[in-house]
Structures are given as C-alpha cells and as structure tokens.
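Working notes, beginning with the structure itself.
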There are 2 protein chains.
Amino acid sequence: MSENSGSTSTNIFVAKLSSYIDLSIEEHQVIEELTQNSMAFDEGQDIIFESEKNSSAYLLQSGWAIRYKIVPDGGRQIISYLLPGDIFGFRESLFELSDDSVQALTPVIVHCIPAENIAEICDSHTNLSLAFTWARAREQAILTEHIVRLGRRNAYERLGHLLLELLHRLQLVEKAGNSDYFLPLTQEVLADTLGLSIVHVNRTLRKLRNDLMIELDPKTRRLRILDVDALSEATGYDQSFLDQNEKPSRSPQDAIGFEEK
Amino acid sequence: MSENSGSTSTNIFVAKLSSYIDLSIEEHQVIEELTQNSMAFDEGQDIIFESEKNSSAYLLQSGWAIRYKIVPDGGRQIISYLLPGDIFGFRESLFELSDDSVQALTPVIVHCIPAENIAEICDSHTNLSLAFTWARAREQAILTEHIVRLGRRNAYERLGHLLLELLHRLQLVEKAGNSDYFLPLTQEVLADTLGLSIVHVNRTLRKLRNDLMIELDPKTRRLRILDVDALSEATGYDQSFLDQNEKPSRSPQDAIGFEEK
DNA sequence: CGCATCGTTGATTGAGGTCAAGGCTTGTGG
DNA sequence: CCACAAGCCTTGACCTCAATCAACGATGCG
C-alpha cells in the first residue's frame, strides 16, 4: 500500500450520495476533505485482514474488492463485492465481531476515515450519518439477495443473477454501459462466490454463452449481457432490491438541490 | 394482532443492551417507555409483509420469528431468525429497499417504535443510537455466517452449525440451558433455511441423532446437543462471530454500572 | 524456455433432489 | 365416539445436478 495525496476530480461519493440524499454545501466539503488522502492497493493485497484489529471506515474510490471468509477446510466463501463508490469496514469500526477479510481484486484506491472521526462526523452532519445508515441498509439488502441466490437457485440462475446484480450496481456509479462492463473475476472467484466448483462455473458460463445470454471475452474481460430481460426472467432477477425510490432528508432547509442524472 | 398494554417485568432489552453498552438511567427509562405498548401475533401471522410500506422498528419481546423471501418459482428462503431481544425492521425504516417479509413462528410479542420517533431517540440518546448500530452490525455478522453456511458447507454441517448458532444466541438472552433449548421449527422451516429439501433434512437429522450429536424429541420440541465441542468441530462452528468483547460507551460519565450475568 | 495461472473438456462419482407412500398426531364435525 | 382430513415425520427407490479427478491448451512472465 502506498500513500498518495489524491487529486480527485469529480468525487464519486458526492455523486453517489447525492442521488439518494440531498447534501448541504458544507457536507459536500466534508466529503471532499475526507477523500483528500488516499491509499492504493495492488491486486491480491489485503485491505483488511481477518485478525487485524481495524476500526476505520473506508470509501472505495476505484477498483474492485471482495469481502470473504476462510472456512476450516481451507475453502473460501466470498461474502460480497465492493465496487467503486461503496463504503465498507464501518461495521467493524464500532465493535469487534467480524473476522472476515477484504482483499483487492484489481488495483484499488481507498479513502480511510479513522474510527475517531466517524462518530464526530455523524453527530455534526445528520445527512452524512444518514448516508452511512443508507449504505448499511443497502449492503444488507445485497447480502439478503445473496442468501436467496445460494439457498434457492441452481448454478445457471446463480451465475446469471450475479452478473445482473453487478451490471446494475456498476450502472448506478456509471461504470457500466447499457448492457456490458469490465468483469475482473476469474472463474475461481465466481466459484467461491456462488458456492460452486470452478469446473461447474466454466460449464455454466458456456451454457449462458450457448443460450446467447452473454458474451464474455476472456482476453479483454468484457462482459456483455445480450438480453437483460430474458436473463432476468431466466434467473429470477428483480433489481428492485437495489433501487432507492426516496430521497429522505432530515434537514431540508439547508439542503441544496442536486440534479438526478 | 391485538393491542395489549404490557406489564413487562424485567425488560429483556435493558438486560441485553446493558451487556454490550453502559446505559444511563435516563436511557433505561426511555427503553421502558418504548416497551409499554406491545402487539401480539399468532403463529403463522405476518408481522411485516413484503409489499407493505412499513417504516417502524420492532423489538421482539418473546417468541420466534423469521425473515424470509419468496422466489419466483414459489420456493421460500428464510434469511434469518428473530429471537427474543432482537431488534428488526429498522432497516426498512429509513429506506425502501426491502421486500422481504417477517412472520411469527410461535406466538410473539413485539414492541413497535414508530419511524418518526427513531431519529429523535437516536439524536438525543447517543447510547441508544449505538445500540441500534450494534444490532445492525450483529445482524450482519449473522447474515455473513449464513452465507458461508450455504455456500461452503454440506447438509450435515449446515444443520449442526445452525443448531449451534441458535443455542448460542438463545443462551445470550437466557432462553436456553447449557446445551438444550426449545426448537419450534418444523423440518420444512429448516429446509427453507438451509437450502435443502425436507426429505434430506429429515435424513440429516437422523444422522446427527445416530452420531449421538443431538437428541430431539418431536413431541416436546426440546433439542439437546449432546457434545457441543464435538459438533462445533464437526461443523466448523466458531461462536466468536456472536461475541462482544468490548463495552464501547461514548458517554461514560453518565453511564451507570450494570452487572454482567 | 520453463513454470504458473487460468480456461477448457471428458469421465466418473456422489450428495442431495424428487417422487411416492405410509404412519402418527391433532383437530373437527357428524 | 368415531371418521376424516390436515400436518408433520419417516422411509424407500430412483434420478440429476454438481463435485471430483484428470488431463491438456493457452497465455504470460521471469
């Protein structure tokens, strides 16, 4: 990991939070300040490791990361994906009940909010506190969806469903096209996410390709979903769990307007 | 559901929260007030239904409930169990991204905190806000463990692991003995939790019995785990994800002492 | 060039699903 | 008091989805 005084052009967090919550000018500034210092990690590096006592929150500026757990027999279960604009680590920030790890899947840039600042920020900026709450709620919705995927769907549905979720989440931060995105996941990572073997992921991907559901170039890692509606239908995907249909604000008087994109 | 002005003797939430966080006398009183009005639900009744717009938080005073989702093909996936002392529903309270339902498995008594009061309570009582945060973090740890269970364990391990988690969670609120508790779950509920078929749950339970891991009387629904250590070993269970090893407090000066049990 | 990583494919096996049937309760109504 | 139905548990027979084992090709890197 290397220190790096970032020159963040348009701030991804300002953009993301603003689509959920009306932020005051002051709150914009707080976010800008928080994201001045950045840390970079390389592919494969641990950002938070299991045993490590860590009490900070992190903002993921760019790149992909995974939260995972190792089981006694040596297997790995990937709990969730962290994508640009996601907030993570703030769960452990207050208590010590996590023993999962976070690892970079690609080169990654994160901003760190030290534990001691979090409470202060939340107290003085209600909307930022709300933003944290929102992030947590969203993460829980994603975990819930993952549980359903693992518990009640077969390999084909699991894979298609996950690819749709990633498309949708990336679109929300403008990191995906209408139906395609950069998918930096090996088949092993997919297997460890979906509770399948590598071999079976391979065969299931092939089947998705044969069914003309997706195109995936192993070279460029570009994934294209050929028929989003058909794949959603086939895999029982319902994107509503990721949607936010309200803009709650607890201090409308000092909120500033912000255009929806 | 019926209204019921409850005469709560010793408050389960005061007891539970106090083991995590030092509460002020005033905060004790707030909790007592919040739990004056209670609602009762019968077995099988929905407490929160999917489509229902619901913006309250709930405290589960007694009984068991499940959070679940229905998949397109009609299957059901149980996301989590709600046990006495658990807080739920406050995720949806601020945003609208959930579409899962909560149903009573046994007769249940809940206390409801209307949405409009939550923000106010959190603002004026930092430790109660902290308690909510803690509850969320804990719930997330449980969901994470459930994902690992579904993704990386076989039927035998899943079942044993779940039974141990329930034992441990019930012990924390003094609803279980040293190694036994009342388990009000049908094999169908277990199947829908663990992503298995009813038939296979039946066979796996038998195997656990044959291995002298558990005793389960279908009449009384009393479950006894005969060798907690052996079962933990066999199923990769590590209870640390439920433990709280710190008592964070942001206002020690006005906190009162409270004995650990 | 040699080695590691990743993707691919075939052959075999096994865990767990599905189908089907019967038993044991409990409750309800004649 | 008995008949019947509805749940839930149990067990057997069979089948299928996905794991495992094994091998090979492609790519990329020191």
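Note on naming: letters A, B, ... go to the chains in the order of the sequence lines (proteins, then strands), and numbering restarts at 1 for each one.
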Rounded to whole angstroms, how far apart are [atom1] on [X] and [atom2] on [N]?
X: Leu185(A); N: dT5(C); atom1: CG; atom2: C1'; value: 16 Å
X: Leu183(A); N: dC6(C); atom1: CG; atom2: P; value: 14 Å
X: Arg158(A); N: dA19(D); atom1: CZ; atom2: P; value: 8 Å
X: Asp192(A); N: dA19(D); atom1: CG; atom2: C1'; value: 14 Å
X: His200(A); N: dG14(C); atom1: NE2; atom2: P; value: 18 Å
X: Glu188(A); N: dT20(D); atom1: CD; atom2: P; value: 13 Å
X: Asp217(A); N: dC6(C); atom1: CG; atom2: P; value: 17 Å
X: Glu157(A); N: dA18(D); atom1: CD; atom2: C1'; value: 14 Å

Just to confirm, is there a sub-4.0 Å distance from OP1 or OP2 of [N] to any side-chain nitrogen or oxygen of [X]?
X: Arg221(B); N: dC9(D); answer: yes
X: Gln187(B); N: dG7(D); answer: no
X: Asn202(B); N: dC9(D); answer: no

What is the minimum heavy-atom distance between [X] and [Y], and which atoms define it?
X: Ala104(B); Y: Asp42(B); value: CB-O, 3.5 Å
X: Tyr181(A); Y: Lys175(A); value: CB-O, 4.2 Å
X: Tyr81(B); Y: Leu162(B); value: CE1-CD1, 4.0 Å
X: Thr235(B); Y: His161(B); value: O-CD2, 3.6 Å

For this session: Indicate yes or no for a side-chain donor-acceptor contact from Gln103(A) to the backbone of Gly44(A) under 3.5 Å, with no hydrogens or angles considered.
Result: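 Confirmed, Gln103(A) side chain pairs with Gly44(A) backbone.
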Problem set entry | N/O donor-acceptor pair under 3.5 Å between His111(B) side chain and Gln61(B) backbone | no
For this session: Show the numbers, then the answer: is there a side-chain contact (heavy atoms from CB on, under 4.5 Å) between Gln77(A) and Asp192(A)?
Result: CA-CA 5 Å; Gln77(A) 176 63 46; Asp192(A) 287 349; over 6 Å; no
Exercise. Quick one, which residues of residues 204-216 of chain B touch DNA chain D with a heavy atom under 4.0 Å?
Worked result: Arg206(B), Arg209(B)
Exercise. Quick one: on DNA chain C, does Arg152(A) or Thr186(A) contact a more 5' nucleotide (nearest heavy atom)?
Worked result: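 Nearer the 5' end of the strand: Thr186(A).
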Please table the atom pairs, donor to acceptor, closer than 3.5 Å between any side-chain atom in residues 204-216 of chain A and protein atoms at least two apart or in another chain.
unit_1    : atom_1 : unit_2    : atom_2 : d
Thr204(A) : OG1    : His200(A) : O      : 2.6
Asp211(A) : OD2    : Tyr156(A) : OH     : 2.5

Problem set entry | NZ/NE/NH1/NH2 to OD/OE distance under 4.0 Å, Arg67(B) and Asp100(B) |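 Looking at Asp100(B) together with Arg67(B), the answer is yes, because their closest N to O distance falls below 4.0 Å.
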Tabulated below should be each protein N or O lying under 3.5 Å from an N or O of nucleotides 21-30 of chain D; please produce it.
unit_1  : atom_1 : unit_2    : atom_2 : d
dT27(D) : OP1    : Lys219(A) : NZ     : 3.4

